[in-house]
Amino acid sequence: SLRATRMVAAVTTGVIGSGKSTVARQVAARLGAIVVRTDAVRKRLAGFALGERRQVGFGEGLYGPDMAARTYAEAMSVAAKILDAGWPVIVDGAFSSAGQRGRAREASTRAGIDFAVLWCDAPDPVLAERLRRRARDPEEVSDAGVDLLPEHRARYEPPDGESAVIRVDTTAGADRAAEKAVAELCR
């Protein structure tokens with residue numbers, strides 16, 4: 001297991017089912033980082049149990065704009081505290097807009113901390129199968145189902161042209177994807 005030789009903050013980005021949480025956990029394990037999962041932060045803010053499922057339409061209820069803003073602000077606040085305590089951190093979330101990623105990038109830059117975006121993706125049939133499997137997992141925190149994939153893909157703002165983006169193809173699985181991400185982060 002590698003240890004981060006400098007303080008690092010990273011966020012994941014990608015559509016639902018793209019392997020963000022798995023890559024975040026795998027990369028964190030290799031770097032000795034702590035993961036802040038936006039799915040868990042959102043449910044805590046709403047007063048729901050982590051395993052409590054909330055099936056809603058895209059961008060509604062727990063996933064509406066106001067709750068998204070609160071969730072990401074709180075996740076970044078928790079991440080800042082972790083960094084202040086001397087630990088590298090990965091914030092696991094969709095970070096679906098350039099604005100969300102930009103705010104995270106700016107906060108890291110102001111703090112003088114290296115920053116990266118882990119852009120996870122795979123072909124839609126692979127994502128759909130993962131989402132179907134995830135729906136049957138009673139331990140899963142995320143509410144996103146396969147029916148939301150087309151709309152999330154349509155509304156997602158890819159980080160093309162943004163700085164410090166590591167493209168992570170998760171088609172072949174998390175181990176290979178995490179190894180590539182760690183190699184890029186440790187350059």
What closest approach, in Å, do T170 and A122 show between heavy atoms, and which atom pair accounts for it? OG1-CB, 3.6 Å

In short, A28 meets V35 closest at the heavy-atom pair CB-CG2, 3.4 Å

Checking S97 against Y156: is there a side-chain donor and acceptor pair closer than 3.5 Å? no

S108 side chain vs A9 backbone, donor-acceptor pair below 3.5 Å: no

Donor-acceptor pair, side chain of T22 and main chain of G19, under 3.5 angstrom: no

Is there a path of hydrophobic side-chain contacts, each under 4.5 Å between heavy atoms, that joins V126 and L149? no

Counting only N and O atoms by type, is there a donor-acceptor contact under 3.5 Å from the side chain of E157 to the main-chain atoms of A98? yes

E129: which residues meet the salt bridge (charged side-chain N to carboxylate O under 4.0 Å, His left out) condition with it, sequence neighbours left out? R132, R133

Between R130 (side chain only) and G17 (backbone N and O only), is there a donor and an acceptor less than 3.5 Å apart? yes

Find out whether I166 and L185 are in side-chain contact, i.e. whether some heavy atom of one side chain is under 4.5 Å from a heavy atom of the other. yes

Before you tell me yes or no, could you show the steps for F115 and T109 under side chain to side chain contact (heavy atoms under 4.5 Å, CB included), namely the whole-Å CA-CA distance, both residues' side-chain angles and the distance that decides it to 0.1 Å? CA-CA 7 Å; F115 178 79; T109 300; 5.7 Å; no

Is there any side-chain hydrogen bond (donor to acceptor under 3.5 Å, both in side chains) pair reaching into residues 77-86, and which pairs are they, with sequence neighbours excluded? none

For a 4.5 angstrom cut-off between non-hydrogen side-chain atoms, does V36 reach I82? yes

According to salt bridge (charged side-chain N to carboxylate O under 4.0 Å, His left out), who are the partners of D124, at least two apart in sequence or on a separate chain? R153

Does the side chain of R155 come within less than 4.5 Å of S96's, by heavy atoms? no

Taking the side chain as C-beta and beyond, is there a heavy-atom pair between F95 and R103 under 4.5 Å? no

Under 4.5 Å between any side-chain heavy atoms of K20 and L118, yes or no? no

In Å, rounded to the nearest 0.5 Å, how long is the span from CD of E179 to CD of E184? 13.0 Å

OG of S21 to CZ of R37, rounded to nearest 0.5 Å, is 3.5 Å

Between CZ of R70 and CG of D66, what distance do you get to the nearest 0.5 Å? 9.0 Å

Distance check, rounded to the nearest 0.5 Å: I16 atom CD1 versus L127 atom CG? 8.5 Å

Carefully, step by step, assess V11 and I90 under the rule side chain to side chain contact (heavy atoms under 4.5 Å, CB included). CA-CA 5 Å; V11 299; I90 299 172; over 6 Å; no

In this structure, which one of V168, D160, T12 forms a side chain to side chain contact (heavy atoms under 4.5 Å, CB included) with W119? D160

Quick one: pull up CE in M76 and OG1 in T71 and give me the separation to the nearest 0.5 Å. 13.5 Å

What pair of heavy atoms forms the shortest contact from T38 to G93, and how long is it? OG1-CA, 3.2 Å

Please enumerate all residues that pass side-chain hydrogen bond (donor to acceptor under 3.5 Å, both in side chains) together with E74, with sequence neighbours excluded. R44

So which heavy atom on A94 is nearest to which on T13, and how close? O-OG1, 2.8 Å

From D39 CG over to D92 CG, what is the distance, rounded to the nearest 0.5 angstrom? 7.0 Å

Among residues at least two apart in sequence or on other chains, which ones pass salt bridge (charged side-chain N to carboxylate O under 4.0 Å, His left out) with R105? E162

List in chain and number order the residues that pass salt bridge (charged side-chain N to carboxylate O under 4.0 Å, His left out) with R167, two or more places apart in sequence or in another chain; answer none if no residue qualifies. D121

Any M67 side-chain heavy atom under 4.5 Å of L45 side chain: yes

If every non-hydrogen atom of L31 is compared with every non-hydrogen atom of P88, which pair is closest and at what distance? O-CG, 4.2 Å

